[in-house]
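For the numbers below, each heavy atom of this structure counts, side chains included, while hydrogens, waters and symmetry mates do not. Lettering follows sequence order; numbering is per chain, from 1.
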Protein chains: 2
Amino acid sequence: MIEARHLRVFRAVAKTGSFSAAARRLGCTQPAVSQQMRALEQSVGTPLLVRTGREMRLTEAGESLARHAVGILAGLTAAEEELAAIAGLRAGRVRLVSFPSGNSVLVPTALAEMRAEHPAAQISLVEAEPPQSVEMLRAGDCEIALAFRYLDMPAAAAESAEDEWGDLVVRPLLTDRLVGLFPSRHRFAEEAQAGRPLEMAELAEEQWIAGCPRCRRHLVAVCEGAGFTPRIDFATDDYPAVAGLVGAGLGVAMLPELALESVHPKGVTFAEVRPAVRREVVALTLPDLARVPAVEAMLEQLVHAARR
Amino acid sequence: MIEARHLRVFRAVAKTGSFSAAARRLGCTQPAVSQQMRALEQSVGTPLLVRTGREMRLTEAGESLARHAVGILAGLTAAEEELAAIAGLRAGRVRLVSFPSGNSVLVPTALAEMRAEHPAAQISLVEAEPPQSVEMLRAGDCEIALAFRYLDMPAAAAESAEDEWGDLVVRPLLTDRLVGLFPSRHRFAEEAQAGRPLEMAELAEEQWIAGCPRCRRHLVAVCEGAGFTPRIDFATDDYPAVAGLVGAGLGVAMLPELALESVHPKGVTFAEVRPAVRREVVALTLPDLARVPAVEAMLEQLVHAARR
DNA sequence: TGTCGACTATAAGCACTCCTTAGGGTTAAG
DNA sequence: CTTAACCCTAAGGAGTGCTTATAGTCGACA
């Protein structure tokens with residue numbers, strides 16, 4: 001088995017024509033070169049060099065190996081340089097999966113900063129809701145998945161338990177509150193405008209507009225924690241659409257702050273609800289991927305962007 | 001520095017998708033693979049694999065390295081195969097330098113046997129007289145040089161001293177006698193025909209026809225050892241020409257037996273001369289080259305052919 | 001749900017490799 | 001004849017790599 005170290009030494013010897021010169025070039029002592037060459041000759045089974053007092057010549061086998069060594073060592077250094085580029089963030093790819101409400105503000109600013117600091121990194125972005133995004137992460141279809149979980153849940157809700165993410169690396173980004181959305185003509189709108197928090201229990205008779213399936217399940221759980229089952233008339237994972245429906249007077253809704261940052265619907269009044277419900281937004285990745293430089297840097301930009 | 005061993009292990013892991021399977025394929029234990037991969041990841045500075053319980057996937061850096069590894073390992077095995085071919089005499093080149101009288105019988109039969117045993121070996125033949133052939137050997141222009149030296153020389157002749165070949169490898173092939181050549185009409189021809197050996201001293205008054213410069217010097221030394229200085233009228237290194245000149249009655253000569261094997265001149269009578277003069281034909285090579293398989297085999301064929 | 005089988009990571013021990021220093025022999029130049 | 005440069009060999013110490021043994025984890029199957 002020819003080893004790369006052998007070839008590096010052999011090339012130096014072939015180029016300089018001397019063991020001592022090769023040793024100087026390689027930064028080691030001459031006996032080291034001598035031993036390496038002997039080992040190489042033994043491993044290939046035939047002499048490679050002719051020691052003739054004054055000069056050092058190659059045998060036919062030596063010429064042959066020298067020819068091959070050029071390509072092999074070129075390939076090795078090319079590989080090393082490419083990997084060094086990835087490790088040094090002069091290259092590298094990160095596939096990011098995010099849920100829609102994260103895409104509005106958080107992800108764009110993080111991407112902008114990433115682009116500014118590491119222009120060569122290639123970032124791709126795909127939209128997917130949490131259950132699916134984690135699946136993609138485990139399947140190797142992305143490096144980072146943005147997800148969220150609801151805090152302050154009734155103890156009965158086992159869905160958002162501690163080990164929902166299992167062995168994934170969890171980087172908390174931010175926690176945002178859920179706020180209530182009412183049509184401006186709604187009977188609670190004026191009180192909300194005045195700053196009075198609404199009790200969930202007061203909303204037992206309202207018609208509800210829900211978000212994505214997961215958000216919908218969460219809404220049901222929260223309402224049942226407050227003692228009633230919500231009447232859900234519409235459900236869509238398009239947040240602006242939810243706000244639009246509320247503005248049209250078709251019902252009330254509860255959306256995370258983050259989703260509303262870039263939404264300014266007409267005829268909608270926001271209200272704080274009690275008991276407070278918070279949502280934690282996190283970035284997820286696999287333990288090994290967390291050590292990939294490009295992934296590491298992207299995570300860093302995400303937590304930075306989350307601090308506004 | 002990426003080492004070849006790393007790449008071999010990495011390729012096995014990438015192909016099988018498992019450390020254990022790679023270990024089985026490589027014929028070692030699983031911890032060995034585990035350690036090698038960790039060392040490789042550390043040396044390139046970024047993770048190459050994603051361990052996700054069930055399966056083993058490559059990171060971007062891993063994919064990159066896998067791409068490069070194909071070419072690098074292909075180059076390595078190509079080099080190993082080519083060197084193995086040279087070492088196994090399925091390839092290999094031997095450049096042989098011989099003097100003219102060796103080319104007539106000895107070298108052709110040796111080449112024929114070499115061709116028969118190792119058809120793939122490429123043998124080239126160049127003609128040169130001993131002083132020059134040794135020079136070519138030292139200059140790297142050939143692998144084997146055929147040469148000769150005279151035995152039974154007067155002690156004064158230091159030229160053919162022990163260290164004429166210095167540190168070269170000397171393989172004795174054969175020793176042939178020098179025989180006298182006389183025109184058949186010569187006064188000694190009849191006695192020679194009867195088998196009476198001629199004394200050198202009897203030839204003091206003859207006209208001589210000499211061979212190559214070296215042979216000529218030797219002739220002078222031998223004659224002076226016998227008490228006279230030869231009168232040399234012609235000198236040529238073409239042995240058939242020497243014999244032809246003798247046959248034409250232009251003088252006497254002394255040629256090695258070997259040179260006469262393929263020469264059957266008309267009008268020439270051979271005679272044994274006293275004191276007997278012998279010539280030793282040897283094959284020379286450099287110590288390192290003596291271990292090159294093709295050179296080794298060619299030397300073997302030469303000594304074999306020398307035994308008729 | 002519990003157990004079994006397969007996989008990986010880690011630790012300790014041992015052999016081997018590799019590099020160094022030290023010393024000797026040879027060759028070419030001053 | 002001396003010097004300098006080169007190569008080889010030998011011996012010692014540091015490091016690498018492999019092995020066995022052990023623990024932990026995941027998925028399958030009853």
Side-chain angles (χ1 to χ4, degrees), chain A residues 1-10 12-43 47-58 62 134-135 137-140 163 165-169 286-288 291, chain B residues 1-10 12-43 47-59 62 138-140 163 165-169 286-288 291:
Chain A
M1 286 299 190
I2 299 177
E3 284 302 320
R5 179 179 306 119
H6 292 154
L7 285 186
R8 291 185 237 271
V9 175
F10 177 69
V13 170
K15 271 194 178 177
T16 64
S18 148
F19 282 13
S20 299
R24 283 190 295 272
R25 168 178 299 206
L26 296 172
C28 64
T29 61
Q30 171 269 319
V33 174
S34 186
Q35 291 176 27
Q36 286 292 318
M37 292 308 302
R38 182 164 40 162
L40 177 58
E41 288 186 329
Q42 183 178 348
S43 83
L48 299 169
L49 300 166
V50 181
R51 288 92 160 163
T52 145
R54 32 183 154 276
E55 57 188 339
M56 188 82 71
R57 277 197 312 274
L58 298 180
V134 174
E135 202 172 306
L137 183 62
R138 292 196 189 275
D163 61 340
W165 313 124
D167 56 344
L168 297 179
V169 172
L286 296 174
D288 290 313
R291 289 162 38 228
Chain B
M1 286 296 190
I2 298 177
E3 285 301 320
R5 180 180 306 118
H6 292 154
L7 286 186
R8 291 185 238 271
V9 175
F10 177 70
V13 171
K15 272 194 179 178
T16 64
S18 149
F19 281 14
S20 298
R24 283 191 295 271
R25 167 178 298 205
L26 296 171
C28 65
T29 61
Q30 169 267 320
V33 174
S34 185
Q35 291 174 28
Q36 286 292 319
M37 292 309 301
R38 184 165 39 167
L40 177 58
E41 288 186 330
Q42 183 179 347
S43 84
L48 299 169
L49 300 167
V50 180
R51 289 90 159 164
T52 142
R54 33 180 154 276
E55 57 188 341
M56 189 82 71
R57 277 197 312 275
L58 298 179
T59 65
R138 291 195 189 276
D163 61 340
W165 313 126
D167 56 344
L168 297 179
V169 173
L286 296 173
D288 290 312
R291 290 163 36 229

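Per the geometry, CG belonging to A:D288 stands 12 Å off C1' belonging to C:dT8, to the nearest Å. D:dT16 atom P lies 12 Å from atom CD of B:Q35, rounded to whole Å. Following rounding to the nearest Å, A:R5 (CZ) and C:dC19 (C1') show an atom-to-atom distance of 10 Å. In this structure, CZ of B:F19 is placed 11 Å from P of C:dT10, rounded to the nearest angstrom. Spacing between atom CG of A:L286 and atom P of D:dC26 amounts to 13 Å, rounded to whole angstrom units. Atom pair B:M1:CE and C:dC18:P shows a separation of 15 Å (rounding to whole Å applied). If you measure from atom CE of B:M37 to atom C1' of C:dT8, you get 13 Å, rounded to the nearest angstrom. What separates CD of A:E3 from C1' of C:dT17 is a distance of 12 Å, to the nearest Å.
Nearest nucleotide to the side chain of A:S18, out of C:dC18, D:dC7, C:dT8: D:dC7. Ranking C:dT8, C:dT20, C:dC18 by closeness to the A:C28 side chain, first place goes to C:dT20. Of the listed nucleotides (C:dC7, C:dA11, C:dT20), C:dC7 has the atom at the smallest distance from the side chain of B:S20. Picking from C:dT21, D:dT20, C:dT8 the nucleotide with the shortest atom distance to the side chain of B:P31 gives D:dT20.
Contacts of A:T29 with the nucleic acid, taken as non-hydrogen atoms under 4.0 Å apart, include base atoms.
Taking both residues in full, the closest heavy atoms of B:I2 and A:A4 are given as O-CB, 3.6 Å, listed atom of the first, atom of the second, then distance. Taking every heavy atom of both residues into account, B:G17 and B:M56 meet most closely at O-CB, 3.1 Å.
When each of A:L26, A:V9, A:V13 is checked for a side chain to side chain contact (heavy atoms under 4.5 Å, CB included) with A:Q36, only A:V9 meets the rule.
Remark: B:Q36 is in phosphate contact with D:dC18, judged by side-chain N or O atoms under 4.0 Å from OP1 or OP2. For D:dC7, neither phosphate oxygen OP1 nor OP2 lies less than 4.0 angstrom from any side-chain nitrogen or oxygen of A:S34. Here B:R51 reaches the OP1 or OP2 of C:dA9: one of its side-chain N or O atoms lies under 4.0 Å away. A close approach under 4.0 Å does occur between a side-chain nitrogen or oxygen of A:R38 and OP1 or OP2 of D:dT9.
Ion pairing between a basic and an acidic side chain is recognised when a charged N comes within 4.0 Å of a carboxylate O; B:R8 and A:E3 show such pairing.
Panel note: side chain A:T16, backbone A:A12; a donor-acceptor pair is recorded below 3.5 Å.
For A:Q30 and C:dT21, a side-chain-to-base donor-acceptor distance below 3.5 Å is absent, hydrogens and geometry of angles not being considered.
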